[in-house]
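The chains referred to below are lettered A, B, ... by the order of the sequence lines, with proteins before strands, and numbering in each begins at 1.
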Protein chains: 4
Amino acid sequence: MSGQDNEGFSGGEDTAVGGIAADRLRSIIERVERLEEERKALAGDIKDIFTEAKSAGFDVKVIRQIIRLRKQEPSEVEEQETLLDIYRRALGM
Amino acid sequence: MSGQDNEGFSGGEDTAVGGIAADRLRSIIERVERLEEERKALAGDIKDIFTEAKSAGFDVKVIRQIIRLRKQEPSEVEEQETLLDIYRRALGM
Amino acid sequence: MSGQDNEGFSGGEDTAVGGIAADRLRSIIERVERLEEERKALAGDIKDIFTEAKSAGFDVKVIRQIIRLRKQEPSEVEEQETLLDIYRRALGM
Amino acid sequence: MSGQDNEGFSGGEDTAVGGIAADRLRSIIERVERLEEERKALAGDIKDIFTEAKSAGFDVKVIRQIIRLRKQEPSEVEEQETLLDIYRRALGM
């Protein structure tokens, strides 16, 4: 069966089509498709929250920036903001 | 409270910091962060399935192509494959 | 010749393979490939400048932020920075 | 001057603002911006060619696929197409 490890996948034999473990291939593909569906649904949920935020009067770009900042260490944020200030002043911005 | 619609969000009053509905802002941000965590976890799960596929002897690039094809209408797939053949022959590929 | 407009492309006749204006198709593909090569080269040049910036002691992430800011209107930058401050204070950041 | 190597950059002294080699920083930023402009222009040129291709009756998705195939080794393309056929048959597609 073409060197594919079929253990732990099905109790019985896999349908070998062209030397391929067809059931296993189908299982892999369907699991990926299901997870991709879930990812898409989550992306929709996130979009909905931003729509809610916008209609509540918040600035979505600024909220995204807050989320980015919260992912970083506070000391790292502070250091970069200090540098940003220095560079801006150097450039006369 | 700065014109933000707070209805349906909390029973009590929101903490207004600088005229901002702070609790609502925090709720929005934390919900987005939670969903982003879930998306990241799903991406990891998908990656694991492809790792499994690879060690079972499947070609991951080809599996991805199969998944793309399954998203399209069969008639659309067929039409594009016909055109691809025509273009390749025209180019001597 | 398959309904393709060949005007302004070549003085003579196009090689029709499978009803396809083969020369025109080839010209389109080769022009895209050439432009993609140039884009890739530019991406490499940009990367080199950031490498130079880094070895000159600059913080590349901060330089990227400066470049983003310079693309925006100063009034827009100021407004977003004010909002960012307000949101951060509201969140106790 | 804050450890930044200014050699080979300008004959004279750099304006040190906040300990920063301001001229060098400005030069880096402006060069990146110029290259990014060029990249954007090339992306526009590529888009124009696809618009031309479409109005000449070609299928743009198929042309993109041709371009992808031309980047691969012919033997690699052939191998993947063989596998794609096997997987499709195994899945009854």
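Between A:K71 and B:E33 there is no side-chain heavy-atom pair separated by less than 4.5 Å. Taking 4.5 Å as the limit, some side-chain heavy atom of A:E30 sits within range of a side-chain heavy atom of B:R70.
Heavy atoms only, all atoms of each residue included: B:V32 and A:I46 are closest at CG1-CG2, 4.3 Å.
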Quick one, A:R88 with A:L84, criterion side-chain contact (heavy atoms from CB on, under 4.5 Å). Give me CA distance, side-chain angles, the key distance, then yes/no. CA-CA 6 Å; A:R88 283 167 95 162; A:L84 187 63; 4.0 Å; yes

The test is salt bridge (Lys or Arg N to Asp or Glu O under 4.0 Å); show your working for A:E52 and B:R31 and say whether it passes. CA-CA 12 Å; A:E52 173 203 326; B:R31 279 182 288 150; 2.9 Å; yes

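When the heavy atoms of residues 60-67 of chain B are compared with those of chain A, the residues falling under 4.5 Å are B:I63, B:I66, B:I67, listed by number.
A donor-acceptor pair under 3.5 Å is absent between the side-chain atoms of B:S27 and the main chain of B:D23, judged by distance alone.
Within the 4.5 angstrom heavy-atom criterion, atoms from both the backbone and the side chain of B:A43 approach chain A.
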